[in-house]
Amino acid sequence: MEKGQIRKALSGFYYVHSDGELIQCRGRGVFRNRGISPLVGDFVDFVVEGNNDGTITAVHERHNELVRPPVANIDQAILVFSAKEPAFNTILLDKFLVALESFHIHPIICLTKTDLLTSEENEGIQQYVKDYQEIGYEVIQTYKSDPEILVKIEQVLDGKTTVLAGQSGVGKSTLLNTIMPSLELKTGVISEALGRGKHTTRHVELIPLAGGLIADTPGFSSFDFDTLEKEELTSCFPELQRLSEDCKFRGCLHLKEPKCAVKAAIENKEIKQYRYDHYLQFLQEIIDRKPRY
Ligand SMILES: Nc1nc2c(ncn2[C@@H]2O[C@H](COP(=O)(O)OP(=O)(O)OP(=O)(O)O)[C@@H](O)[C@H]2O)c(=O)[nH]1
Ligand SMILES: [Zn+2]
């Protein structure tokens, strides 16, 4: 029995990477019966049968998985956000950050379309960049055909499995094409109107790049708070999480509890008011959510 990782799935075959080779494997019938379907990114056991062919016999436990693109065991996401067109929006940014944190996918913020900013607009944006860097997020700034982009993200990609995430039109495909010109993804096509993205016919593949793996299909373009519990929200805001260790009560939601370190930090202007406001807004969305049965 051998071990490897599924790097690509196509027409009923899984291409398992093992010892520097790609072995074409079939899934076993048992997967279909149990409703498990192997995903790109899965670490698997397989048996070799004949010349570079094999059968997957077991799928190892997943660290996480995404639906769009369908890929498992992701370390990090490059969260693509445009500085303009569509406008930079901290609520949406925080929503994506919370989503990724809740999936245990490390977010890296990539600000695109910086070429569209006037110097005045850029000043405003740079203030936000500073805010997010102070929280601890890495922020990469770039624009279409930025000749420096690979240098900027090389270190980030090294040793990690990365996906690109972000809302429609922010430049995800443009960025992927710049770092991997051989992909030739279509850009600027508004396809969501038909209810199906232009990427649905593409098969996701994990491609080696700069010492890591990157999913060739961007995705993860929206998120609601369906699966998040209100007690988990603090941990999705790194600066609140750090402070909450000093809150008097375990499970403090930082609303009106006495001796709350988060409220104190707001008073002292140690953390940004808008981040706390977004925390409150998301908390309310979770509280108002219809119970799931
Ligand atoms: N001016 C400018 N335009 C850009 C930049 N990046 C992307 N665009 C344009 O923005 C539009 C959308 O870019 P895409 O790369 O298709 O965006 P996307 O995030 O892949 O969009 P979806 O596939 O809908 O999710 C295209 O017309 C791009 O040419 C940039 O840095 N500067
Ligand atoms: Zn508190």
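Keep in mind that this is a model prediction, so the values were computed, not measured. Both ligands and their constituent atoms are indexed starting at 1 by order of listing.
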Exercise. Given Lys84, Lys144, Glu85, which one has a non-hydrogen atom that is nearest to atom 31 (O) of ligand 1?
Worked result: Lys144
Exercise. Does a side chain donor of either Gln284 or Asp288 reach within less than 3.5 Å of an acceptor in the other side chain?
Worked result: yes
Seminar exercise, completed: Contacts of Lys272 meeting salt bridge (Lys or Arg N to Asp or Glu O under 4.0 Å) (sequence neighbours excluded), chain-then-number -> Asp131
For this session: Measure from atom 3 (N) of ligand 1 to every heavy atom in Lys172, Gln167, Lys113 and give the option owning the shortest one.
Result: Lys113
For this session: Would you check the N or O atoms of Lys186, main chain and side chain alike, for any that come under 3.5 Å of an N or O of ligand 1?
Result: no
For this session: Could you walk me through whether Glu121 and Lys84 pass the side-chain contact (heavy atoms from CB on, under 4.5 Å) test, one step at a time?
Result: CA-CA 9 Å; Glu121 287 168 335; Lys84 208 175 167 177; 3.1 Å; yes
Exercise. What distance separates Leu111 CG from Gln126 CD, expressed to the nearest 0.5 Å?
Worked result: 7.5 Å
For this session: Walk me through it: do Tyr274 and Tyr128 pass the test ring-ring contact (aromatic ring centres under 6.0 Å, His included)?
Result: CA-CA 11 Å; Tyr274 68 89; Tyr128 287 123; 5.5 Å; yes
Exercise. Going by the order shown, which atoms of ligand 1 are within less than 4.0 Å of some heavy atom of Thr187?
Worked result: 15 (O), 16 (O)
Exercise. Should Ser168 be counted as touching ligand 1, given the test is an N or O pair under 3.5 Å?
Worked result: yes
Seminar exercise, completed: Protein-side N, O or S atoms sitting under 2.8 Å from the Zn ion (ligand 2) are Cys247 SG, Cys252 SG, His254 ND1, Cys260 SG
Exercise. Relative to atom 13 (O) of ligand 1, which among Leu117, Thr174, Thr142, Thr112 owns the nearest non-hydrogen atom?
Worked result: Thr174
Seminar exercise, completed: Quick look: Leu116 vs ligand 1, heavy-atom contacts under 4.0 Å, and the answer is side chain
Problem set entry | Proximity to ligand 1 by part of Asp115, non-hydrogen separation under 4.0 Å | side chain
Exercise. For the atom pair CZ (Phe46) and CD1 (Ile6), what is the distance rounded to the nearest 0.5 Å?
Worked result: 10.5 Å
Problem set entry | Gly169 heavy atom under 4.0 Å from ligand 1 | yes
Problem set entry | Contacting atoms of ligand 1, where contact means under 4.0 angstrom from a heavy atom of Tyr143 | 31 (O)
For this session: Specify whether Phe282 and Phe225 have parallel, tilted or perpendicular ring planes, treating 30° as the upper limit for parallel and 60° as the lower limit for perpendicular.
Result: tilted
For this session: Drop me the distance from Ile179's CD1 to Leu157's CG, to the nearest 0.5 angstrom.
Result: 6.0 Å
Exercise. Under a 4.5 Å cut-off applied to non-hydrogen side-chain atoms, are Asp53 and Ile23 in contact?
Worked result: no
Exercise. According to the interplanar angle, ranging from 0 to 90°, do the rings of His254 and Tyr279 count as parallel (below 30°), tilted (30 to 60°) or perpendicular (above 60°)?
Worked result: tilted
Exercise. With respect to atom 20 (O) of ligand 1, which of Ala165, Gly166, Ser173, Gly219 exhibits the smallest heavy-atom separation?
Worked result: Ser173
Exercise. Honestly curious: do Leu39 and Val16 fall in one hydrophobic cluster under the side-chain, below-4.5 Å linking rule?
Worked result: no
